[in-house]
2 protein chains.
Amino acid sequence: MTEYKIALVGFGGVNRGLAQLIAERNATWQAELGFSLSIVGVTDLFLGSIIDRNGLDASTLASLPAAKGAFAQLPGGSAEAFNEAVIKQSGADIVAEATFTNPVDGEPAATFCRWALEAGKHVVTTNKGPIALHGAELKQLAKANGVAFEYEGSVMSGTPVLRLANKTLAGAEVRGFEGILNGTSNYVLTRMEEGLSFDEAVAKAQELGYAEADPSADVDGYDVRLKVVILANELLDAHLQVSDVACNGIRGISSADIERVRDSGARWKLIGSARREDDGSVRASVEARLLPSWHPLIGISGATNAVSFETALLGAVTVSGPGAGRIETAFALLSDIVAIHASRHKA
Amino acid sequence: MTEYKIALVGFGGVNRGLAQLIAERNATWQAELGFSLSIVGVTDLFLGSIIDRNGLDASTLASLPAAKGAFAQLPGGSAEAFNEAVIKQSGADIVAEATFTNPVDGEPAATFCRWALEAGKHVVTTNKGPIALHGAELKQLAKANGVAFEYEGSVMSGTPVLRLANKTLAGAEVRGFEGILNGTSNYVLTRMEEGLSFDEAVAKAQELGYAEADPSADVDGYDVRLKVVILANELLDAHLQVSDVACNGIRGISSADIERVRDSGARWKLIGSARREDDGSVRASVEARLLPSWHPLIGISGATNAVSFETALLGAVTVSGPGAGRIETAFALLSDIVAIHASRHKA
């Protein structure tokens, strides 16, 4: 049996969810997955930090109050976030990075990943920023240091999208993909189909906590654009920058547009897509599209996300599932660790 | 680089499709998958057999006429099917079993699998019979002989269902599943929604080659039942026999039933499902169900198949794709070989 020592960087919903899963399920994992996890450090800009190379109690961590400097309440804890020490000096084998997404430069998460990889630690992350903006560099850094860099949760939380395409579809020749990759905008469109105006639907999404006070990242397609870059670079071996992807959101879709197609079975959806062209180039976009009734993504309603892969040998293969959620995204980190474990313990 | 020697048992559409893929793509696979395949033997009850331990030309095999005893036309070939010799004496590392499905006792495919596993050869198969009827025994036999036994293609052709659940969802705790697992019956229901009667829709399916002259295996649920047994035993660690699964098909669904729900968004579907109950038992069934408009399988039309997994950590995760097809099923064999290769070559 293997025990991995893990450091948690960022202690919002996702890594707190992972701590909760560890508290509840570590014994099960030993039996069913072949490993358990021991949390040796946690750091968070708001909560502070704590290190114990002998292992911290996951249950205590999971129930820490969400108060500024709260780690100072625990023995050996501090109100200050000693990020570098937690990453480099806690004795972790794996660093779980789940800080906020910075769509401009990916920082400070990108630096956290670099520190960990350079120190010879595996990195698992759910953060779109470092992958979309610095993915190639970080993958190279991981390779140079002989460690894994896994980020299933950067697209569609724990729903297996990257690993589905990379592992289970290996050899099927993925040519492109179309995805509904933002639950908030899809929820807004679904409510508009039920008769709400755009503004009413956005207000409803805000009420439910799906949309931020400024809904722009969701409804203008910027969130989807990061995911399109990640998927295209990963699955189509593209070398896209965020600025290479034309991006339009759903503000242009009116209730009249939706009303007009109601009886046809067609539906408006915000689609992030990329495709390898015959000349080898990869074209990617984010835009509202009117999907025909037979389209594989036509049934994806509300906050569900989905990606349909176009493959040479299988035609369309589509996976749908949650695109967000605290435990759902924490599972993405677990699934990354399962993959790391499997790659080091072959049958 | 690795070259696997492969023997093809059964040379209908599927293994012929694999030969075609090998002829077209072996060089690509060397570069992209890390291995190539060399066909060292083929046997088929109708076509005869051929063995060459130095490798047969895949292109020649793929274009062999579909005439009784046709292998006798090739140098060294025979009109007789020397199954045991091809399996045991061709020098194969891997045996690809793709003979017809026998839903009663799984023979002769089960015997072919046993011969191969006992001789220390990996087995990949697309055949539901041996898995549904003798899966536990054959897995045990593979384990005892230190070889792999893979059968992704036994459910939904090459669409990754077993491997999605077993590998990428490991740790998500699959509690149950619902699936649309038979393209013919789903096609019949879709055409009935468009106004055809049951008999007209079945005739249309027969015209397109989806349904056999006797459509019973498809429309009465027997084909789905085998797949339910395979999925339940594999994913829920059930120990179901075929006779444990209550089975009803779609003959009971009338045009009036479909007409009645037309405007509600609900749809009739033939659902194969299984679920682990709180007492640890697994209940499985095949039956026509009226799915509500929000159901993850509601959009699965025509010949497409899909499975929705119910998981503890992610809720519903659904995968859809082709459920049949010559090349699609041949890809399943390739994906099994990719998995075997990965399990033997660490990162």
Side-chain angles (χ1 to χ4, degrees), chain A residues 17 21 25 28-29 32-33 146 148 152 157-164 167-173 293-302 304 306 308-309 311-322 325 327-328 330-332 334-335 337-347, chain B residues 17 21 25 28-29 32-33 146 148 152 157-164 167-173 293-302 304 306 308-309 311-322 325 327-328 330-332 334-335 337-347:
Chain A
L21 291 177
R25 287 166 156 86
T28 315
W29 293 346
E32 296 192 353
L33 304 177
E152 181 65 71
S157 72
T159 306
V161 176
L162 296 173
R163 215 161 273 127
L164 176 83
K167 301 293 180 185
T168 71
L169 293 179
E173 301 173 18
S293 62
W294 48 263
H295 194 283
L297 300 177
I298 196 76
I300 306 300
S301 292
T304 302
S308 188
F309 300 103
T311 72
L313 300 191
L314 290 175
V317 173
T318 306
V319 61
S320 66
I327 293 295
E328 292 85 344
F331 170 71
L334 176 66
S335 77
I337 298 168
V338 168
I340 291 170
H341 182 71
S343 75
R344 271 144 183 85
H345 294 78
K346 295 287 175 174
Chain B
L21 292 176
R25 287 165 156 87
T28 315
W29 293 345
E32 297 191 353
L33 304 177
E152 181 65 71
S157 74
T159 306
V161 176
L162 295 174
R163 216 161 271 127
L164 176 84
K167 300 293 180 186
T168 71
L169 292 179
E173 302 172 19
S293 61
W294 48 262
H295 193 282
L297 300 177
I298 195 76
I300 306 301
S301 291
T304 302
S308 188
F309 299 103
T311 71
L313 299 190
L314 290 174
V317 173
T318 306
V319 62
S320 66
I327 293 295
E328 292 85 344
F331 169 73
L334 176 67
S335 78
I337 298 169
V338 169
I340 291 170
H341 182 71
S343 75
R344 273 147 181 84
H345 292 78
K346 296 192 189 209

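Computed from a prediction, not measured in an experiment: that's the story for all the values here. In what follows, every chain begins at residue 1, and chains take the letters A, B, ... in the order their sequences are listed.
- Only the side chain of A:Glu173 comes within less than 4.5 Å of a heavy atom in chain B; its backbone stays farther off.
- Contact count against chain A (heavy-atom pairs under 4.5 Å) is highest for B:Ala172 among B:Ala330, B:Ala172, B:Pro296.
- For B:Ile300, no part lies near chain A; criterion is any non-hydrogen pair under 4.5 Å.
- Here the OG1 atom belonging to B:Thr304 is positioned 11.0 Å from the CH2 atom belonging to A:Trp294, to the nearest 0.5 angstrom.
- Per-residue counts of heavy-atom pairs under 4.5 Å with chain B were compared for A:Val338, A:Leu169, A:Leu297, A:Ile298; the largest is that of A:Leu169.
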Using distance only, find each side-chain donor-acceptor pair of residues 311-318 of chain B under 3.5 Å and give its atom names and separation, not counting sequence neighbours.
from, atom 1, to, atom 2, distance (Å)
B:Thr311, OG1, B:Leu314, N, 2.9
B:Thr311, OG1, B:Gly315, N, 3.1
B:Thr311, OG1, B:Gly315, O, 2.8
B:Thr318, OG1, B:Ser308, OG, 2.9

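- Between chain A and the options B:Ala339, B:Pro322, B:Ala332, B:Gly321, the largest number of non-hydrogen pairs under 4.5 Å is found for B:Pro322.
- Within the 4.5 angstrom heavy-atom criterion, only side-chain atoms of A:Leu33, from C-beta onward, approach chain B.
- Highest contact tally toward chain B, considering only A:Ser335, A:Gly299, A:Ala170, is held by A:Ala170 [criterion: heavy-atom pairs under 4.5 Å].
- Proximity to chain A involves both the backbone and the side chain of B:Thr168, based on heavy atoms less than 4.5 angstrom apart.
- Inter-residue side-chain proximity for A:Leu164 and B:Pro160 is flagged as met; some heavy-atom pair is nearer than 4.5 Å.
- Residue A:Ile337: no heavy atom, backbone or side chain, is found under 4.5 Å from chain B.
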